[in-house]
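Accompanying notes for the structure given below.
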Amino acid sequence: MAAQKRGLDDSSSTHKPKKSRTDSKSQPQPTSTLLAEEVDFPRGGGTSFTPLEVKAIRAEAVKEADAELFARINVGMKIFGRIAAILPLALIISLPNQLYAHVPITNISTQFTEALERMEAREFSAEENKSEGEDEENSPPRSYIPELTELFRVGQYVRGVVSAIHEPGTSDISGVGRSRDEVSRASKRVELTLVPGRVNTGVQKSGLKAGFTLTASVKSREDHGYILDLGVENVSGFLNSKNTEQPNSQRKLHVGSLLDVTITKLSANGRTCTVSCDPATFASSHLSEISSVTSMLPGTLVQGLITAVNPTGLNIQVLGFFDGTVDQSHLVKAPSEYKIGKKIKARILYDYSSSPPKFSLSLLDHIIKLEGRLTADEHEELKRRTVQEMYPIGTVLEAVKVKRLEGERGLIVEISPTLEGFVHISHLSDDHVPSLSSSGPWKIGSTHAARVTGYFAFDGVLQLSLKASVVQQKYFQVADLAVGELVKGTIKKLTDTGLFVSLSGGLDGVVWLKHYADITLKHPSKRFKEGANIKCRVLSVDPDRKRIALTAKKTLVDSTLPIVSKPEDVTSGLLTHAVVFKVSEKHLIVEFYGNMKAVVPAKEISDTSKGRLVDAFPLGRVVKVRILSIDDGRIVASIKQAAPNFDAPGDINTVEIGHTVEGTLSEVHKDHILLTLQPSNVRALLSLKNLANHRGLAISQLRTSLQVGENFDELVVVTRNPEKGIVIVANKPKSKPTVLAKGSNITMESVAVGQLVGGRVTRHTSHGALVKITSHIGGILHLTDVLDNFDCTASLPAVDTIIKATVVAIDVPKRQLILSTRQSRMSPLRTQEAADPEISSISDLQSGQTIRGFVKNITDHGLFVTIGREIDARVQIKELFDEYVKDWQSRFKVQQVVKGRILSKKVELSFRSGDLSQKRGPATLSLGDLKAGHKVNGTVKKIEDYGLFIQIENSKFNGLCHRSQLSDNPDADVVIALRGFREGDRVKAVILKIENRRISLSLKPSNFSKEELEEDSGAEDEEDQINHDDVEGIQLHEVSGSESADHPDADMHPPDDESEDEMQADVNNVQLEYQVPRASKSASTLGLTLPSVGGFQWPDILKPEDAEESSSEDEDEAGQPSKKKRKRKEIEQDLTADMHTKAPESNADFERLLLGSPNSSYLWIQYMSFQLPLSEVDKAREIARRAIKTINFREEKERLNVWIALLNLENVYGTNETLEATFKEAAKANDSKTIHLPEEQYKRTCKKFGQSSKVWTLFGEFLLKQGELEEARKLLPRSLQSLEKRKHLKTIARFAQLEYKHGDAERGKTLFEGIVDSHPKKWDMWSVYMDMEATQGNIQGLRNLFDRVLTHKMTSHKAKSFFKKWLELERRIGDEEGAEVVKQRAVEWTRRASNGS
């Protein structure tokens, strides 16, 4: 077993191009489980050649190599090995010098084998009992048999004994499988046993001393530990349960488990040994003395003395008595570096001679320490990586250096200074190499490219190949294939479960049944022939189980769409292919590549019902889907949105605020319409109120005039909602010509502050938008000068838009105008106060003042906020939030609107304060903000004899109102006045003085004007009134209701008398294209509408019909008496007498009437009908159910009326399912015959009025609507038997129309064809036929009909009507080319008719 004696049959590579795969057992991977067909042996790294070469050249060499290779191996030899792989029924063991062996499951331990035999006996007994009909419950309980993976681990060192050597040609090896190539079948195979009784044979009882190591098996489990079988006669072992830590991390040991133990103590009687299974103790224990050579077990660490140094290894003396050798492959350094007489520690590998005893030993560090071989990389993080982890199979090494030649075996190459690799002679070249020479291409010192093909776990040596075909091979192992990759292979075998395909590199893949083709194949064998080439796509790869799944579906193979194989590939909006994996009632589950799956909800499958999903989408069907979202690994996809004709929403980023757009009407809703903007395809909302004002119509009239597909132009984008992908638009107001200064007339000398000028935006800078006014004069528009209210999503006008603005300052040196588009600047006569006033200097700021601005810059230390043209404020990090926020920078973005409080006139801002998170309410007042004469609101906190203590609103200060300051009348009784106040009352007071932080207040009415007192009174009486601040709190960018949808109307519809608000102006003959949207003014301008309840109208909120009133009426509204006062003047009328004659107008009226007449179906049905105009369908259903329960059971007719009303309700507003369910309930609750009466009634009517065509057609329509198609079609011949002949044509035509509407259009077409064939001059039948075809949208069929009818002779008047009808249909459902053809045909017909006359 020396290194130099390895035979030629150790070639076992599994990777050779264009050859059948050879045995992969020769390159076991410690971390993988071998396949059932892999073998445990031969050794080395070779491969097979062509079949002729294998038989003619290799057979004899294999036999000769076997004789030398196994010269030392004999049955009974003890050997040390390492587990390379674990199979279900066997272990694959890596042996020294690149050998492999196998251990059947029955050779583990005696106890484990007995457990297997008992299990087999129980199974046999159970089958007999089952055949005899005995109860299985009476059978004894089955004991648990652990798997081999629970007993062993890959990389574990074991001691074994050669139990058998299988001669070449053996094909049945228990637990391993059958060999697949000639070289494998021509090789011997080694079988080992790990039974302690065999391994420890020869160990003397006298040799069992503390520190002695041996292998033991668990014999039984006791209360405090385990009894072990040591394999030594009359000696047993005991392992304390506290000391059962194992490399396998087993908490409880199974009976039959193998343990590497170290003796810690021998009992006085010598029959029991206390042992430890600590791996560190086992690895470090060494044998210093011995009583018998038979006690020297493989794997024992011993001390030796070097007696000779040879070129191929060392000779050593073991324990001073026995000879041993160390092969060169098991030395840490070159043999010449060792000195004779030096003492060393070595581990016994095996004994190759018993007389005299001789041992083979190893000095390798990983074998001495009993661990995996580690790399000696200079990087600290790589030092603890094993060789196999550092160089996995398939790794390409750019240059390895030949270190030495090993006779006719191969090469030893240097991969790194501390790592070697072995290249078998068969893997040197793609050409046959008969022998090696020191002067050939593989001479010592030469470098070559190589590839790792295997790993010898025990020796720690990599198996390499220098073949160019192997180095360049694309697919070397399963992990090399990329999911979704196109591959070509050869059909290997077709089975009932799948199609097996051989790929390049000796890899196999499988195509499962549902992936044979796009459709289900009834006879796959006709399509797939063994040996035929096939093109597939990799569906999934499982490197751990070495499995490759392929798909042969043509759609997937030819697909050019992106591949989705891992979560990183999933992006919203991605279009890709998938396969139906599972079908349920409400959704589909589709599968992508790499076993990834997605859910397709029912609503995203199709717009039209396709019946049962199982029928429409069979398993395995390929569908095209669009990814909608991914949330926590759950992917939602859509089939509907992946259709070619689906109009996907456009990119909202292509539409900017202020852009003028046009669109097409898609849907009409309650308060707004949905448009599709062109050409961006972005969805937009337009308020109905805004559109009605623009067109001068009432909303009810507007609704009737709107049609889907109608075009809208001259729309302005007001705001955007990127999250929902929708924008809000408004109509441009009808503008009047505005007199602006001509650009050519503007000079720096003539321009004045306040002048209105126009210009074009050229570009944006950090300071604002640059505007070109003339060729020599420019302007700048700062962001803070765009709007008076920053809530309106202020942004700079887009580049190249034309704007008008007011000059607020002139910078003569820079020849630049400072511009503003604020409404307060553009319309200075307006009295409305700006929500965000201009800040022109620091003097405009006060400490504690609340102000808003735009984020200018985000730094590591805080924010800089622009609050004026040249004024920036700083916000430190500590002033940003009330609580600690780690990732605060992500909360802000440049030009974001923020709100803060002035801390100091150094312009320091603070965002901290609970009130600042809200958009309304002033900031907390400080003492410095309160001055004498200020009027404040407050709350009475305490009442004393000498006055009132008042809490000032929005501050933490209290003030005292002395009792002398309560009334203007000096003679008034102040005691009574004080009693009129209660704690918590809201009051309005005036600050008299502030001394020593004491605030004196006054409540005297003379300090307030009449308007202030009325305002205060109105605020108290109408606390629920919607105020200005509430309206400001409505966010424009949240499109979630009619309020948001109506907002554009408020922004874009100005009063008629304001010329400054118009959207167009003449600047150098260029039309103005941009107008800054104005801030919302009041609740009425937002278009908020609230329904009236009990005659009460919400104040300050206009009804829709009030939208057309002029703004002058709004301005005069302040001078009118308040609504409250008007109510007081009205005379209240007593309407009690009208309660019984007046129709109910509310739910309360109906409930009151039903209390008196609970059994009246008329009232209940009226109550249901009252809910329908309010869209309260569910409420109507609830009322019907209440009526059925309330009406007395004796009132059968009344209850039946309600049931019929409920059925009608479900028929109109419900679904087929709800209608069917309600119908069944009605049939159960009433006389079934009565409920089914309509059909019986029709039959009786037809019998009585059989001569009426209308009766028969109505009966047919009823049957068609009920889905009884065959019964309806049988009705036509029956009706023709009863009707007069003159009515046949009309009846047939009516039935044909019914087929078009409720049945099969093709059947209706057949009926009409019969009519026009038998009555070609019935022009009305032709017209009806054409109308029915038009409902199907079949323009080509219509053209054929018109061609046919116009061939008949007819009057010019009738021909004109047909041509007119044809032209109209071409324009509606055809195209312009078809319309031109109709006109030509009409001219030709007229010319032909005139010539004929």
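No hydrogens, no waters, no symmetry mates; every other heavy atom, side chains included, goes into these values.
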Tell me whether Glu123 contacts the main-chain N or O of Glu120 through its side chain, where contact means a donor paired with an acceptor under 3.5 Å.
no

Is there a side-chain contact between Ile393 and Tyr455, using heavy atoms and a 4.5 Å cut-off?
no

Can you tell me how far CD of Glu114 sits from CE of Met119, rounded to the nearest 0.5 angstrom?
14.0 Å

When you look at Leu194 and Asn107, which way does the side-chain contact (heavy atoms from CB on, under 4.5 Å) test go after all the steps?
CA-CA 6 Å; Leu194 307 183; Asn107 286 1; over 6 Å; no

Hits for side chain to side chain contact (heavy atoms under 4.5 Å, CB included) against Val423, two or more places apart or cross-chain, chain-then-number order -> Leu411, Val413, His427, Leu428, Leu464, Leu466

Taking side chain to side chain contact (heavy atoms under 4.5 Å, CB included) as the test, write out the residues that go with Thr294, two or more places apart.
Gln204, Ser292

Considering only distance and modelled atom types, tabulate donor-acceptor pairs under 3.5 Å from the side chains of residues 268-277, sequence neighbours left out.
unit_1 : atom_1 : unit_2 : atom_2 : d
Asn269 : OD1    : Ser267 : OG     : 2.6
Asn269 : OD1    : Arg271 : N      : 3.1
Ser276 : OG     : Asn243 : ND2    : 3.1
Ser276 : OG     : Asp278 : N      : 3.3

With no hydrogens and no angle check, do the side chains of Arg118 and Thr113 hold a donor and an acceptor under 3.5 Å apart?
no

Mind checking whether Tyr226 and Phe238 have ring centres under 6.0 Å apart?
no

Is a donor on one side and an acceptor on the other found under 3.5 Å between the side chain of Arg82 and the backbone of Tyr157?
no

Any non-hydrogen side-chain atom of Phe80 less than 4.5 Å from a side-chain atom of Leu297?
no

I'd like to know if the side chain of Asp229 reaches the main chain of Gly231, judged simply by a donor and an acceptor atom lying under 3.5 Å from each other, with no hydrogens or angles considered.
yes

Begin with the C-alpha distance, continue with both residues' side-chain angles, and end with the deciding distance and a verdict on side-chain contact (heavy atoms from CB on, under 4.5 Å) for Thr300 and Arg159.
CA-CA 10 Å; Thr300 302; Arg159 295 168 171 174; 3.7 Å; yes

Is the closest side-chain heavy-atom distance between Leu314 and Gln328 below 4.5 Å?
no

Please find the pair of heavy atoms, one from Val154 and one from Ala85, that lie closest to each other, and give the distance.
CG2-CA, 4.4 Å

Any side-chain heavy-atom pair of Pro96 and Ile79 under 4.5 Å
yes

For the side chain of Arg451 and the backbone of Thr395, is there at least one donor-acceptor N/O pair under 3.5 Å apart?
no

Excluding sequence neighbours, so at least two apart, what forms salt bridge (charged side-chain N to carboxylate O under 4.0 Å, His left out) with Lys401?
none

For the residue pair Ile368 and Arg347, what are the closest heavy atoms and their distance?
O-NH2, 2.6 Å

Write out all pairs satisfying salt bridge (Lys or Arg N to Asp or Glu O under 4.0 Å) with one or both partners inside residues 204-223, taking only residues at least two apart or from two chains.
Lys209-Glu289

Contacts of Glu233 that satisfy side chain to side chain contact (heavy atoms under 4.5 Å, CB included) - sequence neighbours left out:
none

When rounded to the nearest 0.5 Å, the distance separating CZ of Phe456 from CG of Leu462 is 9.5 Å

Atom pair OH (Tyr100) and CD1 (Ile92), whose distance is rounded to the nearest 0.5 Å
9.5 Å

If only atom types and distance count, is the side chain of Arg373 paired as donor or acceptor with the main-chain N or O of Gly460 below 3.5 Å?
yes

Rounding to 0.5 Å, atoms CD1 (Ile145) and CG (Leu151) come to a distance of 10.0 Å

For Lys333, look at atom NZ and say whether over 12 heavy atoms of other residues, nucleotides or ligands are found less than 6.0 Å away.
yes

Chi angles and distances behind the side-chain contact (heavy atoms from CB on, under 4.5 Å) call for Ile306, Asn315:
CA-CA 6 Å; Ile306 299 176; Asn315 291 343; over 6 Å; no

For Ala450 and Val400, work out which heavy atoms get closest and say how close.
CB-CG2, 3.9 Å

If only atom types and distance count, is the side chain of Asn200 paired as donor or acceptor with the main-chain N or O of Thr215 below 3.5 Å?
yes

Measuring from Leu91:CG to Ile105:CD1, what's the distance to the nearest 0.5 Å?
8.5 Å

Kindly compute the distance separating CD1 (Ile316) from CD (Gln303), expressed to the nearest 0.5 Å.
10.5 Å

Without hydrogens or angle criteria, can the side chains of Glu191 and His166 be said to hold a donor-acceptor pair below 3.5 Å?
yes

Indicate yes or no: at least one non-hydrogen side-chain atom of Asp351 is less than 4.5 angstrom from one of Met77.
yes

Using a strict threshold of under 4.0 Å (side-chain N to carboxylate O), is an ion pair present between Lys546 and Asp542?
no

Where do Ser285 and Gly211 come nearest, in terms of heavy atoms and distance?
CB-O, 3.5 Å

Looking only at non-hydrogen atoms, find the nearest pair between Ala346 and Leu361 and report the distance.
CB-CD2, 3.7 Å

Pair Asp459-His330, side-chain donor/acceptor within less than 3.5 Å
yes

Okay, side chain of Lys369, backbone of Ser284: is any donor-acceptor separation there less than 3.5 Å?
no

Are side-chain heavy atoms of Pro357 and Phe322 found at a separation under 4.5 Å?
yes

Would you call Arg404 and Glu420 a salt bridge, using N to O less than 4.0 angstrom?
yes

Side-chain (Ser94) to main-chain (Phe458) donor-acceptor, under 3.5 angstrom
yes

Before giving the answer on side-chain contact (heavy atoms from CB on, under 4.5 Å), spell out for Ile348 and Tyr350 the whole-Å C-alpha distance, their side-chain angles and the decisive distance to 0.1 Å.
CA-CA 6 Å; Ile348 298 175; Tyr350 55 87; over 6 Å; no

Validation row: Phe112, Thr106 side chains within 4.5 angstrom (heavy atoms)
no

Under 3.5 Å, is there a donor on one side chain and an acceptor on the other for Gln317 and Asp323?
no

Can any side-chain N or O of Thr213 pair as donor or acceptor with the backbone N or O of Thr262 at less than 3.5 Å?
no

pair Val326-Leu331: side-chain heavy atoms closer than 4.5 Å
yes

